[in-house]
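Any value given below was found using the heavy atoms of this structure, including those in side chains, with hydrogens, waters and symmetry copies removed. Computed from a predicted model, the values in this text were never measured in an experiment.
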Amino acid sequence: MKRLILATLVVFAAMPALACETVRVGDIEVEHAWSRATIGADRPGVVYLSIRNTGSTDDALIGVATPIAGMPMLHETVVSDGIASMPHTMSMPVPAGQTAALAPGGFHGMLMGLTLALKKGDSFPLTLTFETAGDLTVTVDVLGMGAKEAECPDAQP
Amino acid sequence: MRLTRLQKILWAAAGVAALAYGALMVFSDRAPVSVAEAAFRPTFSLPDAEGRLRTPADFAGKHLLVFFGFTNCPDVCPTTLAEVAQVMDDLGEQAENVQPLFISVDPERDRRLGLAAFTAAFHPTILGLAGDTEQTRAAAESFKIFFERQDDAAAPDGYTMSHSPALYLIGPDGDWLRQFTYGTPATDILADLQPRL
């Protein structure tokens with residue numbers, strides 16, 4: 001039954017190009033949410049997106065949640081002295097007037113305990129929690145395993 | 001003071017060496033290769049997904065693009081393999097002279113999760129290699145790369161791997177040519193690689 005609910009959620013969410021829309025809460029705008037397809041559900045998935053703080057007060061992304069992963073969390077890839085490691089991070093700063101991103105090689109959402117394999121073309125909801133602005137839910141597009149950026153007409157190169 | 005014939009030869013040799021060094025610095029584009037690295041031939045002996053032991057000799061005559069990583073890695077490894085896939089696509093017919101290798105630093109788990117399916121998802125030409133602990137350690141030491149298992153209760157199976165994320169270019173005779181630091185775009189790798197082929 002749980003699987004059916006999840007499948008329904010994914011199908012309902014699978015409307016094209018939703019991830020390319022800008023979603024707002026308070027001074028926070030989020031867009032270009034995307035993920036990579038996974039082989040099976042045993043390996044963690046990833047989430048990337050772009051956050052703009054249009055206000056004059058610093059904010060921070062402090063949590064991520066999604067029905068398709070038992071343990072979604074924020075990580076940051078850190079390359080130090082030629083070694084890459086990926087520490088768990090509690091929050092990502094989103095300074096006033098600036099754009100911050102979950103992007104390859106930096107902060108990223110790591111989806112552990114996937115309840116299903118992510119397939120190219122799927123999409124799923126992701127709820128972001130900001131310290132000040134509160135909660136906001138975006139639709140994440142699942143792209144191919146080799147994807148490097150969001151597939152939106154206005155996506156940053 | 002008169003210089004002996006030997007002294008003249010030595011001074012001439014020193015002059016030529018200095019000029020050659022200067023020329024090397026001037027003409028070597030973006031990748032100054034140090035003298036120590038010029039004769040560096042890293043090696044490995046690791047089984048592929050079918051259990052066949054592979055060594056650099058199997059790829060003689062080809063350029064190798066070597067990346068050390070692990071398949072449970074959501075960010076760094078897919079990002080680099082995606083760049084490699086792009087390079088292989090953009091090389092067109094020249095791609096047959098290039099062999100990308102993905103060497104697992106987490107071989108036991110990667111074999112269990114499926115190494116070939118992972119590499120093939122990025123590009124069919126990428127060959128995954130996963131040895132035992134000793135073979136993996138030997139390959140890493142030969143390439144002078146670092147990897148380490150880090151216990152992390154929040155990670156899948158309770159651990160994650162930290163590792164050198166660069167991409168290494170090995171020449172057709174096994175010489176280490178250069179590294180591409182993590183995040184080098186496919187277009188830059190391609191621009192470096194094409195004139196060599």
So which part of [X] gets closer than 4.5 Å to some heavy atom of chain A, the side chain, the backbone, both or neither?
{"X": "Leu113(B)", "value": "both"}
{"X": "Glu148(B)", "value": "neither"}
{"X": "Gln150(B)", "value": "side chain"}
{"X": "Phe147(B)", "value": "neither"}
{"X": "Thr71(B)", "value": "both"}

Please flag which part of [X] lies under 4.5 Å from any non-hydrogen atom of chain B: side chain, backbone, both or neither.
{"X": "Ile83(A)", "answer": "both"}
{"X": "Met145(A)", "answer": "both"}
{"X": "Ala37(A)", "answer": "neither"}

For Pro74(B) against His108(A), the heavy-atom pair lying closest together: CG-NE2, 4.3 Å
Residue, of Gly106(A), Gly40(A), Gly146(A), that accumulates the most heavy atom pairs under 4.5 Å with chain B: Gly146(A)
From CA spacing to verdict: ring pair (Phe, Tyr, Trp, His ring centres under 6.0 Å), Phe70(B), His163(B): CA-CA 9 Å; Phe70(B) 64 114; His163(B) 60 103; 5.7 Å; yes
Aromatic ring proximity Phe102(B)/Phe122(B), centre distance under 6.0 Å: no
Toward chain B: residues of residues 85-97 of chain A with heavy atoms under 4.5 Å: Ser85(A), Met86(A)
side-chain contact (heavy atoms from CB on, under 4.5 Å) partner of Tyr48(A), chosen from His32(A), Lys148(A), Arg36(A): Arg36(A)
Lys/Arg N to Asp/Glu carboxylate O, Arg109(B) vs Asp106(B), below 4.0 Å: yes
When Ala166(B), Ala186(B), Ala121(B), Cys73(B) are compared by non-hydrogen pairs under 4.5 Å with chain A, the top option: Ala121(B)
Neighbour count >12 (heavy atoms, 6.0 Å) for atom CZ, Arg54(B): yes
